[in-house]
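Inspection log for the structure reproduced underneath, given as structure tokens.
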Amino acid sequence: MDVSISLTNVSKSFGNNQVLKNFTATFPKGKVTAIMAPSGGGKTTLLRILMGLEQADSGTISGMEGLRLSAVFQEDRLCSNLSPSANIRLTSPEISKSEAAAALNAVGLDGCSHQPVRELSGGMRRRVAILRALMADYDILFLDEPFKGLDETTKELVIRDTKLRCANKTVLLVTHDEDEAVAMDACQILGL
């Protein structure tokens, strides 16, 4: 599909709280777009509208038709009793255990592929959640503050791996950190 995603005058309120007001933007196909705003500024709501988890009050969205979606939410949303490898293979059953182990190794998670994710640290679980989304078959990737909770060295490793795995894919990155947007080679940084 060679279509960019376009939003025109998208608005959303929760009661008297308007979180999006006439937001208009184009997200180019095959590129990373970063979205920045203060906390409560509508970033997550925008992603949820694009994913079909919320309905906009008004406005139009085009270019999402027929796209396969993958996402990293602010919460890890992992199956706590399953191993990192099994969590990855839930969304990508065609991936072999050895491929999952190699992916885990690439982000510094070697040696933990068989223990339940509930036994992992928060940063380790975060990396599993990122890999699960990256290894799924998708056209557009939604990343909602994906690198939060990672120390600088681990963040650099994970960003490098993320860029490799999502090359030439459409990516919407929500972040509070402009350095993350730059490191992900965002073609544009949009404020809400």
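As the structure is a prediction and not an experimental result, all values here were calculated from the model.
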Heavy atoms only: give me the nearest Met64-Leu50 pair and the separation to one decimal. CE-O, 3.1 Å

Verify, without hydrogens or angle tests, whether Ser70 (side chain) and Ala133 (backbone) share a donor-acceptor contact under 3.5 angstrom. yes

Distance-only side-chain donor-acceptor flag, Ser98 / Ser96, under 3.5 Å: yes

Are Lys31 and Phe27 in a cation-pi contact, defined as NZ or CZ under 6.0 Å from the six-membered ring centre and within 45° of the axis? no

Expected output: side-chain Ser92 to main-chain Arg89 donor-acceptor under 3.5 Å: no

Does Ala136 offer a backbone N or O that forms a donor-acceptor pair with the side chain of Thr91 under 3.5 Å? no

Identify, with sequence neighbours excluded, every residue that meets side-chain contact (heavy atoms from CB on, under 4.5 Å) alongside Arg165. Ala103, Ala106, Leu131, Leu134, Met135, Asp161

Under the 3.5 angstrom rule, does the side chain of Arg132 hit a backbone N or O of Asp76 as a donor-acceptor pair? yes

Thr8 side-chain N/O to Thr24 backbone N/O, donor-acceptor pair under 3.5 Å: no

Tell me which one of Val171, Thr33, Val32 satisfies side chain to side chain contact (heavy atoms under 4.5 Å, CB included) with Cys187. Thr33

Can you list everything that forms a side-chain contact (heavy atoms from CB on, under 4.5 Å) with Met36? Sequence neighbours excluded, please. Thr175, Glu178, Ile189

Would you say the side-chain atoms of Asp144 pair up with the backbone N or O of Thr44, donor to acceptor, closer than 3.5 Å? no

Only counting residues at least two apart or in another chain, list the ones meeting salt bridge (Lys or Arg N to Asp or Glu O under 4.0 Å) with Asp179. none

Residues two or more places apart in sequence or in another chain: which of them pass side-chain contact (heavy atoms from CB on, under 4.5 Å) with His176? Ser39, Lys43, Glu145

Residues in side chain to side chain donor-acceptor pair (under 3.5 Å) contact with Asn168, at least two apart in sequence or another chain: none

Residues two or more places apart in sequence or in another chain: which of them pass side-chain contact (heavy atoms from CB on, under 4.5 Å) with Lys21? Gln18

Value rounded to 0.5 Å, distance of NZ in Lys155 from OG1 in Thr162: 12.0 Å

